[in-house]
Amino acid sequence: MNKSKISMLTYWTRNYVLTLAVGLVLLFVVSALWIRHTTTEHRVEMMELIAEEMVSRITNMAAGVGPEQVDPYIDRREADSMREINPIVYITNASGEVVTTNRPFPPGLSFDFKKLMADDSNTLRVKNDGKLYTIIKRSVTIEEKVVGYVFTVEANDKLTAVKQEYGLLALVIFSIGLLGWGAIYKLSKRLSKPILDVAAAAKLIEKGIYQISLPEELKEKEVDELVTSFKEMVIRLEQLEKTRTELLAGVTHELKTPVTSISGLLQAVRDDVVTGDEAKAFIKMAFDETTKMKTMVGDLLSFNSFAVDAVPVKMELFEVNELLEDILRPWKATHPHINLHVHVLPIREDIAVDRVRFQQILVNLLTNAEQAMDENGEIRVSLQFIGNTIAVDVQDFGCGIPVEEQPLIFERFYRGDQKKYKVRGLGLGLALSKMMAQSIGGDLSLLESSEKGTTFRLTIPQTV
């Protein structure tokens, strides 16, 4: 398959040139036919003028008008416009006998002028001696009596012969084709270069090299968008690669720590290093560590289940004010050191949600808000209508999220620097919460964050 591939520059140039060539050939054919047609018409008109001028001279001479008073237009025309043809002029009497001609009869050329005179048409096509001739006929009338006829005769092949014009047309067409090929080659090369640069950069990324160099601010909008998007993708891939590396170390550390603690605590109890109430305290600490590890493993399993759409969602209808208060009441009871303010809607409003997922999202947001503050802090939870959705805002007054970390907080396994060393976990909370919010038809987003605090917004569609 690779042997049959050709470069983009070759492909575009070849196809564009082929299209241009076909178009120019058609243009040449159409133009040649048009030139031939118009030239023939013009020459026939010249033959008509010759015939009419001859009739005018004969009638003027019969009327006693001297030759010097005849309009010399025909003479000028013959010098300027009749270079390619030389028609024979026959003057006959009323009986069809040739009285005079402008040059001797060519061998083998003869016409039945009586038959031509009887024809009603003034422009005749006659075949003679194997060739086709065009004959222009005009009658000579003196004192309202036809005394003879003027015939101008020329072979059709001379009337349609266009050599100089064809040569000029061919030169013009060739010049256009050459310029077109040059323009197409230059444009194709300009368009293909950044794409080739992107392809080369992709090969470097495939090898794990993210330090790439690509052109900046290209004039072509679509190509510039391609290069810009590729650069952003590279930055994102580099961040994900870094996150993946940190994840491996983080997961290993986070799961190893409770296992080590549990092992040490239980070993101390087993070896009677501690006894009595102290042993019970050690067992309780081991149980707490087990719970933490169970939670982390549960987060991993839940995240993987949501990632593959393997978790069923049970949508039910609830009154949103009552549902929020029911969820927050036990959390508030178990966190008496947190000053929790709840603002509900002024009216009753039903929503369709999965209660379990809705509760998991809110509890995770409250837990994150608690971790962002000092020991005694304040959290505000408020409901409001936003368009055709109901928004649940969870606001804390903690240290906030650094600006450079905000675009990454919903990435799986991402943990900010402030949280990485302060709170144990796998960095799945917000990513899992966002997936759960989307599974119930809503979404989770960061509304704002600064040194004064952070606000997350959970949106749920209103029930129609």
Side-chain angles (χ1 to χ4, degrees), residues 246-306 325-342 355-381 394 396-401 409 412-433 436 453-454 456:
E246 292 179 352
L247 164 67
L248 184 60
V251 170
T252 302
H253 173 75
E254 293 298 335
L255 293 179
K256 182 180 178 180
T257 300
V259 171
T260 303
S261 299
I262 293 170
S263 177
L265 290 169
L266 293 180
Q267 188 174 352
V269 174
R270 185 194 66 181
D271 296 340
D272 295 329
V273 175
V274 292
T275 58
D277 291 340
E278 191 175 6
K280 291 181 179 179
F282 270 45
I283 293 174
K284 183 178 182 301
M285 286 188 287
F287 180 78
D288 291 341
E289 291 296 321
T290 303
T291 302
K292 292 177 182 179
M293 187 169 65
K294 182 180 178 182
T295 301
M296 286 189 287
V297 174
D299 287 345
L300 276 173
L301 293 175
S302 298
F303 181 83
N304 289 333
S305 298
F306 269 98
E325 290 178 346
D326 289 345
I327 292 173
L328 297 182
R329 192 177 299 112
W331 193 91
K332 185 176 182 179
T334 55
H335 298 77
H337 59 286
I338 298 295
N339 189 9
L340 182 63
H341 298 278
V342 182
R355 179 189 175 95
V356 176
R357 308 304 171 201
F358 187 71
Q359 182 174 355
Q360 285 179 305
I361 298 169
L362 286 178
V363 169
N364 185 52
L365 292 177
L366 291 171
T367 301
N368 286 349
E370 179 189 12
Q371 294 170 353
M373 299 184 297
D374 296 331
E375 184 175 349
N376 297 316
E378 179 183 347
I379 299 176
R380 294 178 183 175
V381 180
V394 179
D396 66 60
F397 298 89
C399 58
I401 303 171
I409 59 174
R412 59 194 73 181
F413 305 111
Y414 179 79
R415 301 178 67 205
D417 291 337
Q418 295 178 354
K419 205 171 183 181
K420 187 181 300 182
Y421 305 106
K422 181 179 178 181
V423 181
R424 288 169 54 183
L426 299 177
L428 287 174
L430 286 174
L432 183 58
S433 296
M436 287 190 289
T454 301
F456 283 92

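Numbering of residues begins at 1 and proceeds along the displayed sequence.
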Atom [atom1] of [X] and atom [atom2] of [Y]: how far apart are they, to the nearest 0.5 Å?
| X | Y | atom1 | atom2 | value |
| --- | --- | --- | --- | --- |
| Thr275 | Lys280 | OG1 | NZ | 11.0 Å |
| Phe456 | Asn364 | CZ | CG | 9.0 Å |
| Leu362 | Met436 | CG | CE | 10.0 Å |
| Cys399 | Gln371 | SG | CD | 10.5 Å |

I'd like to check [X] versus [Y] (side-chain heavy atoms, cut-off strictly below 4.5 Å). Are they in contact?
| X | Y | result |
| --- | --- | --- |
| Leu328 | Val381 | yes |
| Ile338 | Met373 | yes |
| Glu370 | Asp396 | no |
| Leu365 | Leu430 | yes |

Which heavy atom in [X] sits nearest to a heavy atom in [Y], and how many Å separate them?
| X | Y | value |
| --- | --- | --- |
| Leu266 | Ala286 | CD2-CB, 4.1 Å |
| Ile379 | Ala369 | CD1-CB, 3.7 Å |
| Ala279 | Val269 | O-CG2, 3.9 Å |
| Thr454 | Gly400 | OG1-CA, 3.4 Å |

Any idea how His335 and Trp331 line up, ring-wise: parallel (<30°), tilted (30 to 60°), or perpendicular (>60°)?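 Because their plane-to-plane angle is under 30°, the rings of His335 and Trp331 count as parallel.
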Are Arg355 and Asp326 close enough, and set up right, to give a side chain to side chain contact (heavy atoms under 4.5 Å, CB included), and what steps lead you there? CA-CA 11 Å; Arg355 179 189 175 95; Asp326 289 345; 3.8 Å; yes
Whether Arg380 and Glu378 form a salt bridge (side-chain N of Lys/Arg under 4.0 Å from carboxylate O of Asp/Glu) is what I want to check.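 The answer is yes: the pair qualifies as a salt bridge.
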